[in-house]
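Notes to accompany the following structure.
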Number of protein chains: 2
Amino acid sequence: MGTINIDGNVQEATCKQELTAMRDSLDVLGGKWKLMLLRYLSNRLEEKNTFKKIQREIEGISAKMLTKELKDMELNLLISRSVIKTKPITVEYAITNYGLNVLPLAENLVQWGLDHRAKIKN
Amino acid sequence: MGTINIDGNVQEATCKQELTAMRDSLDVLGGKWKLMLLRYLSNRLEEKNTFKKIQREIEGISAKMLTKELKDMELNLLISRSVIKTKPITVEYAITNYGLNVLPLAENLVQWGLDHRAKIKN
DNA sequence: CTGTATCCACTGGGATACTG
DNA sequence: CAGTATCCCAGTGGATACAG
């Protein structure tokens with residue numbers, strides 16, 4: 001939000017930039033399944049994570065959503081998509097190094113969520 | 001997502017808990033205006049933040065959304081609401097200490113958003 | 001001033017069926 | 001297997017008018 005500043009316009013500009021940045025983050029990471037998928041893939045670096053396998057193991061996700069979320073995340077360089085020319089074809093998804101570096105942020109959200117639930121329960 | 005574990009059920013349980021926690025966080029903090037409001041209030045600890053003032057200064061928010069977001073955040077103990085019995089009444093909102101402690105998380109999101117935008121631009 | 005109520009357009013996301 | 005296409009409904013959120 002910027003620091004309090006005599007020059008309101010400068011502060012407003014800074015403020016807006018930061019708010020946009022925050023919204024960017026939430027848009028890119030806040031999707032219904034995105035962080036879940038990221039953590040799923042981060043725990044299966046050595047496995048072949050095919051579309052079907054992911055859908056089977058992530059309870060409740062539809063093909064439509066899985067397609068969409070994976071596509072979004074690929075565009076944001078968080079995951080990679082590899083088409084294997086078997087017959088019929090298979091596709092393998094993996095988290096990228098860039099994707100790995102957002103995991104700490106995800107962990108913070110998990111921790112805060114746990115703490116918050118405990119706090120609210122009282 | 002829990003660590004890789006021989007016992008699939010234990011891992012699944014842990015996994016679900018953590019995913020729930022992550023969703024909790026995103027639900028509580030990911031609203032369209034919530035983090036924005038939190039940062040707005042954190043920069044105005046000494047001011048009287050009335051409903052109208054907030055609405056005037058946060059560009060684009062409707063009364064309906066402002067009401068809803070403030071109510072949500074009050075329920076989550078992130079902000080406080082004080083009715084002042086002037087005539088007509090005024091209401092002042094302020095961030096709580098608990099609310100203040102989520103700001104670092106918000107800052108991380110801002111920073112990641114900035115970095116990510118830079119990364120994607122290339 | 002501080003909201004609520006209502007209407008309404010748009011979107012997110014599930015179910016299902018279908019394609020390459 | 002890996003998606004796409006379609007339908008459809010519930011929930012978001014804006015605009016406007018109204019109420020305490």
Side-chain angles (χ1 to χ4, degrees), chain A residues 19-20 22-38 40-41 44 47-76 78-95, chain B residues 19-20 22-38 40-41 44 47-76 78-95:
Chain A
L19 295 173
T20 302
M22 208 153 51
R23 194 109 303 282
D24 282 352
S25 294
L26 293 174
D27 285 348
V28 174
L29 305 175
K32 187 169 180 187
W33 307 93
K34 292 202 174 67
L35 285 175
M36 180 178 319
L37 284 166
L38 224 44
Y40 175 93
L41 291 175
R44 289 164 179 78
E47 302 180 30
K48 307 298 185 188
N49 302 296
T50 64
F51 188 91
K52 204 64 181 184
K53 171 168 177 287
I54 299 174
Q55 192 185 7
R56 214 181 315 115
E57 297 187 3
I58 303 225
E59 195 174 350
I61 194 168
S62 64
K64 180 173 151 188
M65 281 310 293
L66 185 51
T67 302
K68 179 179 170 298
E69 301 278 76
L70 289 172
K71 201 173 288 178
D72 288 351
M73 293 170 72
E74 191 194 357
L75 281 173
N76 282 303
L78 297 170
I79 64 173
S80 63
R81 177 178 185 276
S82 315
V83 180
I84 316 291
K85 289 168 196 54
T86 48
K87 201 172 178 297
I89 64 163
T90 56
V91 178
E92 293 175 12
Y93 293 91
I95 190 170
Chain B
L19 295 173
T20 302
M22 207 153 52
R23 192 107 307 278
D24 282 351
S25 294
L26 293 173
D27 286 348
V28 174
L29 305 174
K32 188 169 181 186
W33 307 93
K34 291 201 174 71
L35 285 173
M36 180 176 320
L37 283 165
L38 223 43
Y40 175 94
L41 291 175
R44 289 164 180 77
E47 302 180 31
K48 307 297 184 190
N49 301 296
T50 64
F51 188 91
K52 203 63 180 184
K53 173 168 176 285
I54 299 173
Q55 192 185 7
R56 214 182 313 113
E57 298 186 2
I58 303 226
E59 196 173 350
I61 195 169
S62 64
K64 179 173 150 186
M65 281 310 293
L66 185 50
T67 302
K68 179 180 171 298
E69 300 278 73
L70 289 172
K71 200 172 290 178
D72 288 351
M73 292 169 73
E74 192 196 356
L75 281 174
N76 282 303
L78 297 169
I79 65 173
S80 64
R81 177 178 185 277
S82 315
V83 179
I84 317 290
K85 290 167 195 55
T86 49
K87 204 173 174 297
I89 66 164
T90 56
V91 178
E92 294 175 11
Y93 293 92
I95 190 169

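Convention: sequence-line order gives letters A, B, ...; per-chain numbering from 1.
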Which is true for Lys71(A) with a 4.0 Å heavy-atom rule: it touches a base, it touches only sugar-phosphate, or it touches nothing? sugar-phosphate
Under 4.0 Å, counting only non-hydrogen atoms across every strand here, what does Thr50(B) touch: a base, just sugar-phosphate, or nothing? sugar-phosphate
Could you give the distance from [atom1] ([X]) to [atom2] ([Y]), rounded to the nearest 0.5 Å?
X: Leu38(A); Y: Met73(A); atom1: CG; atom2: CE; answer: 4.0 Å
X: Leu66(A); Y: Ile61(A); atom1: CG; atom2: CD1; answer: 4.5 Å
X: Thr90(A); Y: Lys53(A); atom1: OG1; atom2: NZ; answer: 12.5 Å

Strictly below 4.0 Å: does [X] bring a side-chain N or O up to OP1 or OP2 of [N]?
X: Ser62(B); N: dG14(D); result: yes
X: Arg81(B); N: dG3(C); result: yes
X: Tyr93(A); N: dG3(D); result: yes

Find the distance [X]:[atom1] to [N]:[atom2] and express it as a whole number of Å.
X: Met36(A); N: dG13(C); atom1: CE; atom2: P; value: 12 Å
X: Trp33(A); N: dG14(C); atom1: CH2; atom2: P; value: 6 Å
X: Ile84(B); N: dG20(D); atom1: CD1; atom2: P; value: 22 Å
X: Lys85(B); N: dT2(C); atom1: NZ; atom2: C1'; value: 14 Å
X: Ile61(B); N: dT12(D); atom1: CD1; atom2: P; value: 15 Å
X: Leu66(A); N: dG3(D); atom1: CG; atom2: C1'; value: 10 Å
X: Lys68(B); N: dA15(D); atom1: NZ; atom2: P; value: 17 Å
X: Glu74(A); N: dA2(D); atom1: CD; atom2: P; value: 15 Å

Hey, which sits more toward the 5' end of DNA chain C by its nearest nucleotide, Pro88(A) or Thr67(B)? Thr67(B)
From [options], pick the nucleotide closest to the side chain of [X]?
X: Phe51(A); options: dA2(D), dG13(D), dC1(C); value: dA2(D)
X: Met65(A); options: dA2(D), dG14(C), dG3(C); value: dG14(C)
X: Lys64(A); options: dT2(C), dC7(D), dG3(D); value: dC7(D)
X: Lys32(B); options: dG14(D), dT4(D), dC1(D); value: dG14(D)
X: Thr90(A); options: dT6(C), dT4(D), dC1(D); value: dC1(D)
X: Lys52(A); options: dT2(C), dA2(D), dG14(C); value: dA2(D)

Salt bridge (charged side-chain N to carboxylate O under 4.0 Å, His left out), that's the test. Do Arg81(A) and Glu92(A) meet it? Break it down for me. CA-CA 6 Å; Arg81(A) 177 178 185 276; Glu92(A) 293 175 12; over 6 Å; no
Lys52(B) and Glu57(B) ion-paired at < 4.0 Å: no
